[in-house]
Every structure is written in structure tokens, then in C-alpha cells.
Asker: 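Have a look at this one before I ask anything.
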Amino acid sequence: MKNKSRWFALVLACSVVLGACSNEANNTPAEPTPEQSAKSNEPADPFGRYEEPVKISISIEVDPTDNELPQGDTPLENQYTRQIKEALNVDVDHQFAASGQNLRQRISLAIASNDLPDAMVVNAVELRQMVEADQIADLTEVYEQYASPDIKTIIEKTNGAALEAVTFDGKMMALPGVQANADGIHLMWIRQDWLDKLNLEPPTTMAELEMVARAFVENDPDGNGQRDTIGITGPESGGKLYANFLESKNNLYGFDPVFSAHDAFPGYWLEGEDGKPVYGSILPETREALASLRDLYAKGLIDPEMGVRNKADEPIIAGKSGIFFAPWWMAYGPLTNAVKNNMEANWQAYALPLNNDGEFKPHAATPSTEFVVVRKDYAHPEVPMKLLNNLFKNEQENTFDPSKGGPGYYPLRVVYAPSDEIEFSVQAFREVLSGSKTAEDFADNKAYKLLPSDIASLKTIKNEPYDSMDISTWNPEANWGAWTRTYSLMVGGGPLVDTEYNEVPSLLYEQTPLMESRWVNLRKLEDETFLRIIMGAAPLETFDSFVENWKRQGGDQIALEVAESLAE
Amino acid sequence: MVRDRTFGNRVTDIVLIVILVFITLSCVLPIWYTLSLSLSSNSAAAAGQVWLWPVDFNFNAYAQILNDNQFFRSFWTSTERVLLGVALNFTMVVLMSYPLSRTAREFKGRNVFMWILIFTMLFNGGLIPLYLTIKELNMLNSIWALVLVGGAQTLVFNVILTMNFFRNLPKELDEAALVDGAGPWYILFKIYIPLAVPVLATVSLFSIVYHWNEFLYGLIFMTREQFYPLQTYIQQLVVSVDPSTMSEAQYRRLSELSNRTLDAAKIFIAMLPVLLVYPFLQRFFIHGITLGSVKE
């Protein structure tokens, strides 16, 4: 009896398993083969309308809390999809929609289960996975034949960086987006009102930085009679000390300018003295920079809770911190709330501190972080390119009204920003404020999409004198939204215009094959060691053994691989 | 000596009270903190100035929620899921536990079924096969994907609990009923179910809490946000975003949406239903889980 039922269970279990296997094989959808002949007969027109309706399923990033769409519109049925239907005769369907981290999870699920939409927007890591899994189409011809001249210009203006990011074995496997340069340049943000109160100047060198930070900690800049202020804010728990070649921009509250003031570029692949690629984190300059950060921390000038704080922006917003390092857009970050809490919190940005040669030498970010990929067997691989052409053209012609749903609702949208958008806007604002130009002079400037509306609201939020950026000369309460953008641009973008600087690029911004298995551990070793050195939990000499370990645990091999991939 | 014992008892009491107060606080404080955060001004919340008492007391966050259609849509999806899920769970648990509580002599093949059940409890195919199955069954974006998949995963545990409870009921009740001419259905509905109220309340509570709080399946099986259950919606609000991969439009959006008070208000409202249901079912809960636990 017992034996019988045991057998029965086994048979049952087997049949279930077998059934599941055969089912899966049967149910793999029969993919339509690409119609090569149809494609070549059709003349390549980047904006051409299809005779017959063409269907495309995509993934899209949609925020569930977004209320921008007018009544009756949905993420699938709005001004963008209607325009696409009319201009291109393309029907868009969403295979899935999610936001933020969850979108990444859905995309991983789609890649792992090979249940892909016809096209989607992915990041660099996902792109590599899909290339290796042979899931996506070669877009070399599509790009050559269908990319509009404007988009080609923008992509080619990146000195090949955008194309490099999507080229695998000489084939173009995705369409790269191109974003403004400024996001990768980290500036020093400082409480100007504290400096003024203590009769100090913005620190230009590391020595001056130390002096100012000491004054911020010891001389009670917030005037509450207590020693409760932080000199320099450091990264929050899980934050990065510096941007690296894989995540090369928008590192909030790191120490990027401190490292570059020592000519150190940790996390970047640099050209060594022998001309071979070398990893910046193992160079002696990095050791020097760590020594100086360690010294600052030991003297209590860097937030003692750095690396353990849950939210590094809290002391900034609460008016307890005097200096932090971040890119230009900080009014979108903590500063709006900081000013709401204290209308006198006068945060200004500087391209400082300088290195020993008196230069500001930031590291440069990759222009491309978003890529449009097309499923291998999709019958119309040129549709995504045409969608992007159409978007760019209509954004220049102001066809769309962003108040009826932001451009994020455009299918497969990636940004094609002229890489000097920030700097150009700052110049334009200054010219309008000084009266040398008027709003009309910029009305035709289609490439800079937001400029006309920015200029229109400029004088409602900026009071005279127009050449001062002091917080007291702004009127944020008139229009917080416009203030956020304009203050970010003029205060955060100003130094980018006024400073002459040479950017230091990484030799590459992608993973090489060996990194996939090794990099996580190497990176962990690096992060932990550096954090311990700065916080005094390990002696500075640990750096030397770190270099040894890093090389032994695969770093040397990876450096060789990087050299090979650059030689290609 | 009596005094000594009293003294010892009092020390024990004090220690126990301190520990219990500590445990209670660690449960209550997060809820209280969320509440006071939700009643504060956003800039104070972002500055980390809010702790146990709201700063700049206001109801703005709650007023804003009233305008958020998706919140209510998700709230309804979750309610629907709980109602369907609990009803399904109750039916299945009762109908499975009763036959399985018989001996192998009374119910041939009982052990086989038990093995299959236990097997599913210990092993499963993983997320991707599950996703493919649901997709091939055309259940993506359907409430049934949430009800059935979630229900199936908690069912076995609930069945075992209930089955053990049934087994503990005196055999003589069955026998007496049989002698009086009652069939299995009659015995189940008129004798077993009324006697098993504590354990059935317990498994229903498990099921309510599970279906209300589960968010992963909402994310996996629902391809559009309008179908998200409430906890999936909430999860979207609180996942942290890495700025290094963000485009300009995204951090602009983040700054518009980063609203800790609003998030706290939504989280608080989402906690309420379970908080309200719990006290009423709790007395069964304590009874039920211990009653089913001892098998003779």
C-alpha cells in the first residue's frame, strides 16, 4: 500500500514536470521572420508614413502617482500616441509599464524569460546582457538609412562616445541617447551666507577648504550658540565616494572635486605612463587624496556620520551643513526644501577646489546611459528610429504641450540634448537679464527646447540686481517650479560657463566580459577599504595592500582586457 | 523567606515589564512616526526635524490623497483581492482539511495527496517559470493571477494547520453522528466547522494579511500601473532611486514627487484596514495557532 502510493506520487510528479517542459517548447510564440524584401523595396525615409498600420509593442516608464494627463487620456492614448498614429501610422502598445527600480526588475524578467516587447529602452548593463543572449537586432543599417540628420549630428558630436557604447563586434546593436554634459561635473556647493558672516572667501585650494570647514564647525555659523554644524557633508549610507566609469555622473554628496584637486580620478580608466590603460583607484594620487580626506575626517571637518547617515540631504535641508559636492541641478535636489525652511540659506556653487597647478579638472561622464533596442525578429526594425526622429522634429517645432503629459509618455523616448544645453541656457539668461538680447532673439532656437518658457518666467523670480546670484535677489515664492530650474541653471550652471576646465574622460564606460564575474567583488573591496581609510578604521598603509589585492584578484587581467577592447 | 520570594517576583515583574514596554514601543513607534510625518510640512520632514510630534501641523497630505485616483483604484483592487482571496482560501481549506484529517484507511491515497502538498511547500519552480505559466494562461493583468497564485502559496500551510485541528476533535463525535445517520457533508458543516471557528478565523486572518500586504506579484503579473494592488503602488513610492542612472527629466520628476509627508500619509492609510481588523480576530488568532499545533 505504502509502496504503491509512493510510485504513484513519483509518476505524477514526473508527468507534471514533463508536461511543463513540453508545454513551454510548444508555446514559444512562432516569431515572424523579418521581411527583408519588403524592407529593401521601401525607400528609406526617416519621416515616412506607413501605408498599412504597423504595430509595435514597447515597455515604458510610467509613474503611477503622475496626474499630468488630461481627463480621458491614458498612458496609451494621449497627444503623443495620436500624433504618432497620424504622422507615421504606427500603433503603439505597452507590453509593460512600471517606474524606477521596478521597471529595471520588469526588464530583467523580460530578458530572463525571453518574453520581450518589440522594442524598449534599456541601460548599459541590460544592453550587454541582451547582446550576449542574442536577443536584439543589428541596427547598423537602420541607423545609416533612417536616422534624421539632426540626430546623426548630435550623436556624432560626442566624439564617437555614443556610438562606441552601442557597438559590439562592429555592429550597432542599439540607438544611443545623448545627454547634456553637465550632469557629470561635480561642483562645490557652499553656504555663502556663512562665509560672509565669518568674513571668509570661497576656498580655492585644499588648504583653504580645510580652513573654511574648520570655521564652519567651530565658529557657530548658524548662530544658535551650539557647536552643531557640519563642515563638509559626505556620502550617505550606500552612497559613493566618487563617480566611476560605470556610473559616471550625478554622484550626490561624494568627494569628486576633492579627488580631482589631487589629480586623482579613482573609478576611472586612465592612460598610464606607459600608454597602457590603468585603473585610477590604484594610483598614488588616489592615495594622496585619501590621506587628505582621512585628515579632514580625523579633525572632525567632514560629517562624522558620513557613510552611516540614512539621508545625507537632511543636515543640508535643516541648515546644519556648510559644504557639499554635487552637480549643477541641486535646486531640484535638497536646495528647494533648504530655502523653504530658511529663506536666507544662500547656497552658491563654485568650480573649486583647484589642484596644485591652479586648475579645475573634473572627470567627464559618458553621454549615453539610455539605449533603444529592438527585438531580433521584429519585422520593422526601423520603426523605433522613426519614432525618435519624429519626437525630435516635433519637439523642435513645439508640437506637443508638456502640460498635457510630459515627454516621458512618448514611446521609446530617449533624450537627445545638445551637450551644451546647460551652458547655452545660462548665457541666454544673462543676455536677457542684461538687456543685450530679448526673448524674441531666442524664440527660433528650437534645439534648446525649454528656453523660451524659461525666459518668459525669468523676471518674475529674479529681482535686481541681475548680476548678483545671492538668494536675497530671488523671489522663489512667485513660482517655485520656475525658480527651481532657473536657480539650478544660473547658480549651478554659472561656474560651468565662467570656468575654463579640461575634463578627464574614462578610456571606457562599459563593462568588459571578465568584469561581469569579478567586478562586484573588486568594487566592494575598493569601496570598503577607502571608506575605512577615510574614517580612520584602517591605517593609510592599507591602501598599499589594497592595490596588491586588487591586482591579484583579477584587476590585472581586467586591465589587459580593457587594453584589448580599446585596441579594437 | 516569603518576603524574599515577593522581592524576587517583583524584580522579575519589573524586568518583564521593561522588556514588554520595549517591545511594544518598537512596534508602536514606527506607526506613530509615520503618522506624525504625514501630518507635518514637507520641508520639515525632508530636513529630518520630525520625530514624535508633527512639525507645522497640517492635513495637506491627506487632502492630496483625495485627488489621487490611482490610490483609490489600487485600494479597491486590494480590497477585491482580499475578499476573493479569503473566500477562496476558506472554501479550499475546509474542503481539503476535512478529507485529509481522515486516516489513510478511511481515505485511500491520503498520503499521496499529503506528499504532493508538502512537496509544493518545499519546492517551487521560481519566479520566471511562474511568470511564463501565468502569461500562457492569459492571466496577466487579471485579479485572478493575484488571488490564485498568492492563495495557492499560503494554502498548504493553512490546510495543515486546520487539518491538525480537525484531527484533535474527539473521534466520538464523528462516530455518534454516523450512528445517527449523518453523512460526511453533514458532519463537516454541522459539527466540524462550528467547532473549528478559532482555527478558521486564524487562517482567514493569515489570508487577509497576506493578500493585503503582498506586493511582488502585483509588480510581476500586472503590466500596467492601473491594475496594481495598493501595496505595489506604495512600494513604487518608497523604492530609492539611484541618481547616477537618471536622466534630467527623471530627477526633475523626482523633485516634484519626492514628498515624504505624502508618502507617509499613503502608507498610514494603507496600514489602517489590517490594523482595524486585527484586534477583532486576535483572540481567535492566539487560540487557533496553539490549538492546531499539538498533534496526538
Side-chain angles (χ1 to χ4, degrees), chain A residues 1-2 5 8-9 12-13 20 23-24 27 62-65 67 75 94-102 105-106 109 112-113 115 123 177 179-180 183 240 243 247-252 311 313-315 317-319 329 332-334 336-338 340-341 369-370 406-408 415 417 484-485, chain B residues 41-49 67-71 74 104 108-112 115-116 119 125 127-129 131-133 135-136 140 219-220 222-226 228 232-233 235-237 239-259 262 266:
Chain A
M1 165 76 213
K2 259 220 152 151
S5 53
F8 181 63
L12 201 73
N23 250 345
E24 202 172 311
N27 287 345
V62 173
D63 197 302
T65 54
N67 282 327
H94 293 170
Q95 180 149 340
F96 55 83
S99 71
Q101 280 309 103
N102 293 333
Q105 217 169 350
R106 284 234 51 129
L109 185 68
S113 61
D115 176 31
N123 67 24
Q179 291 173 19
D183 285 3
K240 296 194 292 279
E247 297 162 314
S248 56
K249 54 184 195 174
N250 290 336
N251 182 31
L252 273 58
K311 295 267 179 196
D313 61 357
E314 273 182 6
I317 294 169
W329 50 272
Y332 290 118
T336 298
N337 276 322
K340 275 184 184 166
N341 276 340
T369 52
E370 298 175 304
V415 176
T484 303
R485 178 165 172 82
Chain B
S41 80
N42 192 30
S43 44
Q49 288 163 340
N67 290 323
D68 186 348
N69 293 333
Q70 185 56 42
F71 183 81
S74 294
K108 289 200 173 108
R110 174 201 175 266
N111 292 340
V112 179
W115 280 345
I116 296 174
F119 185 84
L127 197 58
I128 290 166
Y131 169 76
L132 288 172
T133 312
K135 183 179 167 261
E136 295 301 326
L140 292 183
L219 190 63
I220 304 290
M222 303 291 126
T223 63
R224 312 235 208 294
E225 74 283 2
Q226 71 255 37
Y228 280 167
T232 310
Y233 170 88
Q235 194 257 357
Q236 304 252 314
L237 304 177
V239 283
S240 62
V241 185
D242 176 8
S244 68
T245 56
M246 282 201 297
S247 62
E248 191 191 340
Q250 285 168 307
Y251 52 70
R252 187 174 308 148
R253 150 131 316 148
L254 188 73
S255 78
E256 283 157 13
L257 294 176
S258 136
N259 193 331
L262 189 57
K266 287 170 178 168

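Labels below follow one simple rule: chain letters A, B, ... track the order of the sequence lines, proteins then strands, and each chain is numbered from 1.
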Asker: If you look at every heavy atom in B:Arg224 and A:Gln95, which pair is closest and at what distance?
Answerer: NH1-O, 4.1 Å
Asker: For A:Ala112 and B:Ile128, work out which heavy atoms get closest and say how close.
Answerer: CB-CD1, 3.1 Å
Asker: Which answer fits B:Ile220, side chain, backbone, both or neither, if we ask what part of it has an atom under 4.5 Å from a heavy atom of chain A?
Answerer: both
Asker: Roughly how far apart are B:Ser41 OG and A:Asn337 CG, rounded to 0.5 Å?
Answerer: 8.5 Å
Asker: Can you give me the closest heavy-atom contact between A:Ala97 and B:Tyr228, atom names plus distance?
Answerer: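 Smallest interatomic distance, heavy atoms only, reads O-OH, 3.4 Å.
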Asker: For B:Thr133, give me all partners under side-chain contact (heavy atoms from CB on, under 4.5 Å), at least two apart in sequence or on another chain.
Answerer: B:Leu137
Asker: What residues form a salt bridge (charged side-chain N to carboxylate O under 4.0 Å, His left out) with A:Arg106, not counting sequence neighbours?
Answerer: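 Applying salt bridge (charged side-chain N to carboxylate O under 4.0 Å, His left out) to A:Arg106 gives none.
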Asker: With only heavy atoms counted, which part of A:Pro75 is less than 4.5 Å from chain B, the side chain, the backbone, both or neither?
Answerer: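 Side chain of A:Pro75 only, per the 4.5 Å heavy-atom cut-off to chain B.
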Asker: Just verifying a value: how many Å separate A:Asp115 CG and B:Leu140 CG, rounded to the nearest 0.5 Å?
Answerer: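 That separation rounds to 8.0 Å.
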